Amino acid sequence: MNITKKIAITAIGIVSMGTASWAQSLEDARNAVTAEQYQKAKSMFNNLITTQPNVASNYFYFGDLYLRLENADSAKVLFQKGIGADPGYRLNYIGLGTVDLFSKNETAAQANFDKALSGMKKKDYQEYIHIGNAYVYEKSRDLDKAFEWYEKAKAYGSKDPELYIALGNAYKMQKKNSEAVAEYQRASNYKADLPNVDVAIGEIWTGAYNFELAETTLKEVISKHPSFGPAYRAMAENYYRWASQIPAKRPELLPKAKEQYSKYLDLTDRSANSRYRYLIFLLNAEDYATLETEAKNFVSKHGSNPEYKLAERFLAYGAIENGNTEVGAQALQKFISSVDKKRLIAKDYINLAKAYQDQKQDSLAIESYIKGYELDTSNVELLGNIAKAYFSSKKYGKAAEYYEKLTKLPKASFTDWFYWGYSNYFYFAMELANQEPKNDTLIKETLIKADTAFTYVGEKANNADAYLYLARVEYYLDEKDTEEKGVKAYDKFIEITTAKPEINARDKTNLVEAYSYNGGYFITRDKAKAKEYFDKALELDPNNAQIKDALRAIKG
C-alpha cells in the first residue's frame with residue numbers, strides 16, 4: 001500500500017441510526033472508529049454481532065472498518081454474514097462490491113452494486129453515498145466515479161452531513177482544498193460539533209504549508225474535545241511537516257510533535273492499531289532511529305498478526321537508513337518472501353538493493369533493483385541504479401545496456417551519455433578484445449556506440465574526457481586513423497585541458513598521451529608538426545625515453 005496515505009484514514013460521518021434499542025451501541029462503535037480507537041471499535045463490533053446476530057448493519061459497519069484498514073478478506077466475511085442475517089439490508093452488497101473493487105473486478109462489483117440498487121425506494125439515497133465511498137478507498141480509488149454517485153445522492157440527501165463529509169474527503173484527496181473546506185463546512189451546517197471534520201480541515205492547512213493556521217484549527221478542536229485522539233495525531237503531523245520545511249525550527253517543533261503523538265497513543269489506549277499508525281508516522285517523518293526501535297518492539301509483539309505485516313517493512317526501512325543493513329536486509333527478505341505479492345512496492349526492492357550494496361553483494365543488489373524497476377518502470381532513478389551497479393561490478397556489457405535506456409529518455413543527462421560510452425569502451429577493452437575467437441561484428445557495434453556517446457558529450461558539453469575517450473575509440477575503429485578522427489579528438493582534448501587554470505597530475509598524464517599519439521601520427525607525414533607535439537609531451541614528462549627516441553628519429 002502507499003504508506004504515505006495510510007496515516008490519513010478518511011473521516012467517518014456519523015448519522016442517526018433511529019430509535020431502536022441497539023442504535024446507541026452501534027453509534028458508539030462508529031464513534032470509536034472516528035476517534036481512531038480501532039481496537040476498542042473491534043471489541044464493540046464483536047459484542048454487537050454476538051448479542052445481535054440478526055442486525056445486518058452491525059456487520060456492514062464492522063466490515064467497513066476492515067476496509068479502511070485494508071483487510072478486505074475479513075471485511076468480505078462480515079458482509080456475507082450480514083447478508084445472511086438480513087438479505088434485505090442492501091449496504092452489505094455494497095460492501096461486497098467494494099471488496100471486488102479492491103481485487104480490480106469491476107464486473108463483479110457492479111453486479112453487487114446493482115443488487116443494492118434494485119430495492120431502493122424513490123427517496124432513498126444512502127446507497128449512492130456508500131457506492132461513492134467504495135471508489136474512495138486507496139485500493140479502489142476512482143474519484144470521478146465517486147463524485148458521480150455523490151451527485152445522485154444530492155436529490156434526496158442534500159441535508160445529510162455524511163454526504164458533505166464524503167464530498168470533502170474526495171476533494172481533499174484531489175488536493176482541491178477550497179472545495180474540500182466548503183463541503184466540510186456544509187456538513188457542519190447540518191450537524192454541529194463534528195471534530196473529525198475540523199481535524200480534516202486542519203490537515204488540509206498542513207498539506208497547504210499553512211502550518212500556523214493548522215495549529216490554530218487543531219488547538220480549537222482539542223480545547224473542545226480534549227479526548228479526541230485524531231486531533232493530537234494531526235497536530236503531531238503538522239509539527240513534523242513544519243519542522244521539515246523550516247529546519248531552524250526543528251529543535252522547537254520535533255519535541256512537540258513527539259509529545260502530541262504520545263498523547264494520541266494514550267487516547268487510543270496504545271493499542272496495536274495506534275502503535276502501528278505511529279510507525280507510519282515515524283516513517284513519513286523520516287525519524288529512522290525511533291522507527292527502527294519502535295518497529296522492532298512492535299514486530300516482536302504483533303509480528304504474527306497479518307493485519308500488521310507492513311511493520312516488517314518499516315523495521316527494514318529504518319534499519320537500512322540507520323546503516324544496520326544486515327538487520328534491514330533480513331527483515332525485508334522475510335517480508336518479501338511472506339507477504340502477498342500484490343502488496344510489494346518498488347521501494348521494497350530498492351532498499352533491499354541498497355542493503356546488499358552496503359554488504360558488497362553486487363549481484364543480489366542488481367537483481368533487487370531490476371525487480372524494483374519491474375514494479376515501477378516510471379522510476380528513472382532505478383534505471384540509473386541498475387546501470388551503476390552493473391558498472392561497479394565490472395559487468396560492462398549489461399551496464400551499457402541500461403545506460404543506453406537512460407539516453408533514450410527525454411531528460412537524459414550528459415553523465416548518462418558519457419557512461420553509456422564509458423561502459424561500451426570497457427566492455428570492448430576488458431571483455432570483447434580478449435575473447436577467442438573474436439566477434440568482430442559485436443566489437444565494431446560496441447565501439448560505434450561508444451563513438452556515438454562520446455561524440456555527443458564532447459560536442460554538446462565541450463567535455464575533455466569525452467574527447468579523450470573518443471580518440472581512444474577512434475584508434476580501435478581505425479588504427480591508421482585515415483580521416484584523422486583520433487587526431488582531431490586529441491586536439492580537442494588538448495585545447496580544453498590546457499585552457500584550465502590548473503593542470504593536475506591526471507591531466508598531465510593524459511596530455512602526454514594526446515601529444516604522443518598526434519606526434520606519432522605526423523612523424524611520417526609532417527615532421528615539423530610531429531616535433532611540435534613531441535616537444536610539448538617532453539615538457540610534461542622530461543624522462544620519457546620513448547618520446548626522446550621519437551625526437552631523435554625525427555632529427556635523424
Side-chain angles (χ1 to χ4, degrees), residues 362-367 369-370 383-408 412 414-459 463-494 506 509-525 530 533 537 544-547 549-550:
D362 290 336
S363 296
L364 291 175
I366 291 168
E367 181 182 327
Y369 277 134
I370 291 173
L383 274 180
N385 289 340
I386 296 168
K388 289 174 189 175
Y390 271 127
F391 191 90
S392 65
S393 62
K394 296 182 170 53
K395 295 180 180 179
Y396 299 116
K398 295 298 292 184
E401 178 185 327
Y402 278 90
Y403 277 119
E404 183 172 9
K405 292 178 187 290
L406 285 167
T407 65
K408 296 183 183 302
F414 290 132
T415 300
D416 297 330
W417 276 87
F418 182 85
Y419 270 89
W420 179 39
Y422 209 40
S423 300
N424 277 299
Y425 177 79
F426 279 103
Y427 181 39
F428 157 73
M430 304 301 291
E431 297 181 46
L432 300 181
N434 300 318
Q435 287 180 353
E436 291 296 342
K438 286 184 171 56
N439 186 334
D440 291 332
T441 300
L442 181 58
I443 286 174
K444 187 172 183 179
E445 288 176 355
T446 301
L447 289 171
I448 288 174
K449 288 179 179 179
D451 181 288
T452 300
F454 291 134
T455 298
Y456 177 84
V457 179
E459 292 178 353
N463 182 273
D465 281 346
Y467 282 114
L468 176 67
Y469 278 94
L470 176 60
R472 293 170 179 173
V473 168
E474 293 296 349
Y475 169 77
Y476 289 113
L477 278 171
D478 179 8
E479 289 186 14
K480 295 182 179 180
D481 200 7
T482 52
E483 297 181 28
E484 295 189 10
K485 290 182 177 180
V487 169
K488 292 175 182 176
Y490 273 126
D491 276 340
K492 284 295 295 182
F493 169 77
I494 292 167
R506 177 179 177 274
T509 299
N510 291 329
L511 282 169
V512 169
E513 175 189 322
Y515 287 133
S516 297
Y517 176 91
N518 285 6
Y521 179 84
F522 286 109
I523 201 166
T524 58
R525 296 173 173 84
Y533 280 116
N544 191 309
Q546 289 180 317
I547 297 172
D549 288 343

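Keep in mind that this is a model prediction, so the values were computed, not measured.
Side-chain contact, Y533 with D491: a donor N or O sits under 3.5 Å from an acceptor N or O.
Shown are Y515, Y517, Y467; of these, the ring-ring contact (aromatic ring centres under 6.0 Å, His included) with Y490 is made only by Y517. For the side-chain contact (heavy atoms from CB on, under 4.5 Å) with L447, the lone residue among Y427, Y475, F428 that qualifies is F428.
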Practice task
Would you sort out whether I448 and L477 count as a side chain to side chain contact (heavy atoms under 4.5 Å, CB included), showing the intermediate values?
Solution key: CA-CA 8 Å; I448 288 174; L477 278 171; 4.2 Å; yes

Exercise for the section: Kindly determine whether D465 and F454 satisfy side chain to side chain contact (heavy atoms under 4.5 Å, CB included), including the steps that lead there. Expected result: CA-CA 9 Å; D465 281 346; F454 291 134; over 6 Å; no

Exercise for the section: Just do the side chain to side chain contact (heavy atoms under 4.5 Å, CB included) check on I547 and V512 with the steps written out, would you? Expected result: CA-CA 9 Å; I547 297 172; V512 169; 4.1 Å; yes

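Atom CD1 of I386 sits about 5.0 Å away from atom CD1 of I370, to the nearest 0.5 Å. With rounding to the nearest 0.5 Å, the separation of CD in E483 from CG in D478 is 7.5 Å. Here the OG1-NZ distance, from T415 to K388, works out to 8.5 Å after rounding to the nearest 0.5 Å. Once rounded to the nearest 0.5 Å, the distance linking NZ of K395 with OG of S363 reads 3.5 Å. For the atom pair CD of E484 and CG of N518, the computed distance is 9.0 Å after rounding to the nearest 0.5 Å.
Between the side chain of S516 and the backbone N or O of E513, no donor-acceptor pair lies under 3.5 Å. D481 places a side-chain N or O within donor-acceptor distance of the main-chain N or O of V487, the cut-off being under 3.5 Å. Between the N424 side chain and the W420 main chain, a donor and an acceptor come within less than 3.5 Å of each other. Within the 3.5 Å criterion, the main-chain N or O of E404 finds a donor-acceptor partner in the side chain of T407.
Listed here is the closest heavy atom pair of A433 and A429: CB-O, 4.1 Å. What you find for G519 and A530 is that their closest heavy atoms are O-CB, 3.4 Å. Considering every non-hydrogen atom in both G458 and A466, the closest pair reads N-CB, 3.6 Å. The minimum heavy-atom distance linking A450 with G421 is given by the pair CB-O, 3.7 Å. Summarising the geometry of A387 relative to A399, their closest heavy-atom pair is O-CB, 3.7 Å, with the distance given to 0.1 Å.
In summary, K488 and E474 do not engage in a salt bridge, as defined by a charged side-chain N under 4.0 Å from a carboxylate O. The existence of a salt bridge linking K394 and D362 is excluded, since no basic side-chain nitrogen approaches an acidic carboxylate oxygen closer than 4.0 Å.
Listed by first and then second residue, the salt bridge (Lys or Arg N to Asp or Glu O under 4.0 Å) pairs involving residues 424-440 are E436-K438 (not counting sequence neighbours).
Taking the six-membered ring where the residue is Trp, the centroids of Y390 and Y396 are separated by 6.0 Å or more. A centroid separation of less than 6.0 Å is found between the aromatic rings of Y422 and F426.
Annotation: cation-pi pair K405/Y402 present, NZ/CZ under 6.0 Å from the ring centroid and within 45° of its normal.
Between F418 and Y469, the two ring planes are perpendicular [angle over 60°; tilted spans 30° to 60°].
Not counting sequence neighbours, T441 has no partner by the side chain to side chain donor-acceptor pair (under 3.5 Å) test.
Summarising the local packing, CZ of F414 is surrounded by more than 12 heavy atoms from other residues, nucleotides or ligands at distances under 6.0 Å.
Using a 4.5 Å cut-off on side-chain heavy atoms (C-beta onward), F493 and L511 make contact.
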